[in-house]
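One structure is given here, and the rest of the page talks about it.
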Amino acid sequence: MSSIALRTHHCGDLRAEHVGQTVILQGWVHSVRDRGGVMFLVLRDRGGTTQITLDERIDAEVWAVARQARLEYVLEVEGTVHARGPGAINAKMATGEIEVLPSRIALLNRTKPLPFAIGGAATEATEEVRLKHRYLDLRRPQLQRNFVLRHKLYQATRRCLDGHGFLEVETPILNRSTPEGARDYLVPSRVHPGHWYALPQSPQIFKQLLMVSGFDRYFQVCKCFRDEDLRADRQPEFTQIDMEISFATNELVREVGSSLIRDVWREVLGHEVGEIPVLTYHEAMDRFGRDAPDMRFGLEHTTVDWSASDFVPIQRAVEAGGIVKAMVIPGGAGDTSRKKLDGYTKFVKRYRLGGLLWGKAQAEGGMSGPLGKVDAGLRAQIPGVSEGDLVLVAAGPAKHVHAGLGRLREHIARERDIIPAGTFAFVWVVNFPAFEYDEDGERWVAMHHPFTKPVDEHLHLLETPERLGEVLSDAYDIVCNGSEIGGGSIRIHDDKEQSRVFSALGLTEAEARNKFGFLLDALQYGAPPHGGIAMGLDRWAMLLAGTENIRDVIAFPKTTSASDLMAEAPNTVDSQQLAELFVANVVPEPAEEGTDSA
């Protein structure tokens, strides 16, 4: 062991201009090659790697320490930077033109045998093993690169919003429970027996209160918590860029959001984002089947009028108020087998579609396959169909057709490798429905949240339950590459209008006051018109890093079962702790033998 000196450079800093300088490096042994008379150690820190070369010029004492080095041992190296010979330059290393000849090596720490390899382009260890040893997993250069990008994202965000006159204000983590949407994470209160805090699903109410308070422009990089089913792009605790603007219009919020996107993508990746197109919700659903469309490729949908068809399944779908949509796969007739077509049918059935009709466009204008037998002027309604194209048709309730054909569009694009790599396609989606019908709960719910302002021309419909589905909201989402990366709305700033929306959602005055009383009170004290947006910082980081797994951009993530394998959380606590909080564990009794357990 040796006392630690002050390092002069990170391991990725050294270049040809440093030749002749004496440097001190500190880091982990990334690789070891001992060829008897010559030894190469590659030293790594978060800045990169540098080759340490030992040969006949190196003192025996330094050799003795170097020969103790193993992978991931922690070393301090002092030495002189030398230029590599022409045949020894490594173009794959940023520091590949130089090497360091050590005059001193200090062994700062050893390591146990590793559960998986740190070096290399990939690791063979399972994700469970890597999450269990996350502190080792985070040493991998690929992951460290992700967190450098994430750091740049934070800094670019703060610079941009500060330049737009925003104040960064923190809002509470412990608050009252206002159950809307996902389940709350609850925290029992020790000083208020029987009472509970909730962790915020978002700072929504507080940022509206800051507008009432006159703060004018607020932002926060904040933690949010939702107890919901997880997937590759979702975590129980996540980070969002939250912002709110007084005297805002839909266009103003989108202008600020677009400015932030341009600044971040330019500063982090050097990528220039141009003008971001705008689609209405209904345009997005009609053309792509999704309100978060991937605009990097075509395969757009066409809604067709097939009421003249005598094909019974189509007739029934249309008579029941359904729709018929078609999608064209250019050149797909020649290379799409019957087995693959059956696979497409199986795929859309996940989205409650009964199936698909298909046809292969012929030179003479007709189609082969099932569509050729039931075509009632269909091909003429679909623009751009050429000989050799494959046409897929779905019919049924609009919700199921949009979902099935929309997801199939993306599946086929990936399957046929037609999504251009390294591109970013942004789009704003506006004019969402204010309400959607919850079939399980048999009631109307807010599509975004109950503080979203309906457009003025639809306010008169709030008292007409059968027409709530027609009400549009002054809401907007920002989408990139088929993923929603932010969403917001102009808020309701009038307490009477807010009460009307609560009533339309089936909340009594007492229920609304119990859940949101302090917001309703605040709206009575000169609340300005305001609106805002929340950007999903983790999803931004995923896009910037080029990964599809959100755990790759969160330092200490949870699994899909909301567990932290490294910290072994959640865990049990002893009865004394529970007693101080006036709560107790309720352990389900085991089912009796011969009975079913729920």
Side-chain angles (χ1 to χ4, degrees), residues 10-13 27-28 30 42 44-49 72 92-95 114-160 221-224 230-241 260-271 273 419 421-424 426 478 480-486 535-560 563-567:
H10 281 99
C11 292
D13 292 346
W28 289 263
H30 192 65
V42 174
R44 184 196 74 247
D45 63 14
R46 70 175 176 87
T49 57
E72 298 306 305
K92 295 181 180 179
M93 290 178 68
T95 59
L114 298 171
F116 54 86
I118 305 296
T123 176
E124 296 180 358
T126 65
E127 187 177 38
E128 288 75 15
V129 170
R130 289 188 286 109
L131 288 176
K132 175 68 176 176
H133 302 276
R134 185 62 168 179
Y135 42 83
L136 295 178
D137 196 32
L138 287 173
R139 289 186 191 173
R140 292 194 293 130
Q142 302 96 312
L143 284 189
Q144 293 201 345
R145 171 185 171 273
N146 292 352
F147 288 94
V148 170
L149 291 177
R150 185 171 177 126
H151 167 76
K152 291 179 179 179
L153 165 55
Y154 280 112
Q155 305 313 310
T157 294
R158 289 190 161 95
R159 280 192 292 270
C160 175
V221 179
C222 57
K223 282 289 187 186
C224 302
L230 306 182
R231 58 192 186 203
D233 64 348
R234 182 183 285 173
Q235 283 276 293
E237 53 181 309
F238 57 95
T239 308
Q240 65 184 38
I241 305 166
L260 177 59
I261 288 168
R262 291 191 188 97
D263 281 8
V264 167
W265 258 254
R266 181 185 304 115
E267 291 193 34
V268 176
L269 292 184
H271 178 86
V273 176
I419 303 175
T423 59
F424 300 97
F426 295 90
I478 180 67
C480 181
N481 295 358
S483 177
E484 179 204 329
I485 61 169
M535 302 293 197
L537 186 141
D538 303 310
R539 291 187 182 179
W540 283 37
M542 287 173 63
L543 288 163
L544 293 165
T547 179
E548 295 183 355
N549 189 337
I550 200 169
R551 292 184 286 278
D552 288 343
V553 295
I554 295 175
F556 300 102
K558 306 291 190 296
T559 66
T560 52
S563 299
D564 183 334
L565 299 181
M566 179 191 69

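Numbering starts at 1 and runs along the sequence shown.
Remark: K152 pairs with no residue by the side chain to side chain donor-acceptor pair (under 3.5 Å) rule, at least two apart or across chains. Residues satisfying the salt bridge (Lys or Arg N to Asp or Glu O under 4.0 Å) criterion with E484, sequence neighbours excluded, are absent altogether. Residues forming a salt bridge (Lys or Arg N to Asp or Glu O under 4.0 Å) with D263 (at least two apart in sequence, or on another chain): R266. Considering only residues two or more places apart in sequence or on other chains, F147 meets the ring-ring contact (aromatic ring centres under 6.0 Å, His included) condition with none of them. The side-chain contact (heavy atoms from CB on, under 4.5 Å) test applied to D13 returns H9, H10, not counting sequence neighbours. In terms of the side chain to side chain donor-acceptor pair (under 3.5 Å) criterion, residue partners of D538 (sequence neighbours excluded) are, by chain and number, R150. A search for side chain to side chain donor-acceptor pair (under 3.5 Å) contacts involving E72 returns R44, R139, not counting sequence neighbours. Take T559 and apply the side-chain contact (heavy atoms from CB on, under 4.5 Å) test, not counting sequence neighbours, and it matches L131, S561, S563, L565. Judged as a side-chain contact (heavy atoms from CB on, under 4.5 Å), and not counting sequence neighbours, the contacts of H151 are Q155. Considering only residues two or more places apart in sequence or on other chains, V42 meets the side-chain contact (heavy atoms from CB on, under 4.5 Å) condition with H30, S31, T49. Not a single ring-ring contact (aromatic ring centres under 6.0 Å, His included) links F556 to another residue, sequence neighbours left out. When the salt bridge (Lys or Arg N to Asp or Glu O under 4.0 Å) test is applied to R145, no partner is found at least two apart in sequence or on another chain.
Atom CD in E237 sits 10.5 Å away from atom SG in C224 (nearest 0.5 Å). To the nearest 0.5 Å, the span separating CG on L136 from CG on L143 amounts to 12.0 Å. The CE atom of M542 sits 12.0 Å away from atom CG of L537, with the distance rounded to the nearest 0.5 Å. Within the model, atoms CG of N146 and CG of L544 stand 10.0 Å from one another, a figure rounded to the nearest 0.5 Å. I261 contributes atom CD1, which lies 4.0 Å from atom CD1 of I478 (distance to the nearest 0.5 angstrom). The SG atom of C160 sits 10.0 Å away from atom CZ of R262, with the distance rounded to the nearest 0.5 Å.
Between M566 and D564 the shortest heavy-atom distance is N-OD1, 3.0 Å. Annotation for R134 and A555: closest pair NE-O, 2.7 Å, computed over non-hydrogen atoms. In terms of heavy atoms, N549 sits closest to T547 at N-OG1, 3.2 Å. What you find for D45 and G12 is that their closest heavy atoms are OD1-N, 4.2 Å. Closest of all the heavy-atom pairs between G48 and C11 is O-CB, 3.4 Å. Annotation for Q144 and L138: closest pair CG-O, 3.0 Å, computed over non-hydrogen atoms.
Put simply, the side chain of W540 never gets that close to the backbone of M535: no donor and acceptor are under 3.5 Å apart.
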Take R551 and Q235, measure what side chain to side chain contact (heavy atoms under 4.5 Å, CB included) needs, and give me the verdict at the end.
CA-CA 8 Å; R551 292 184 286 278; Q235 283 276 293; 3.8 Å; yes
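At least one side-chain heavy atom of K223 sits under 4.5 Å from a side-chain heavy atom of T239. For the pair D552/Q142, no side-chain contact is recorded, criterion being any heavy-atom separation below 4.5 Å from C-beta on. Looking at heavy atoms from C-beta onward, L149 lies out of side-chain contact with L153 at the 4.5 angstrom threshold. Counting only heavy atoms from C-beta outward, the side chains of F424 and H271 approach each other to under 4.5 Å.
When ring centroids are compared, F426 and W265 come within the 6.0 Å threshold.
When the shell of 6.0 Å around CZ of R46 is examined, it contains 12 or fewer heavy atoms from other residues, nucleotides or ligands.
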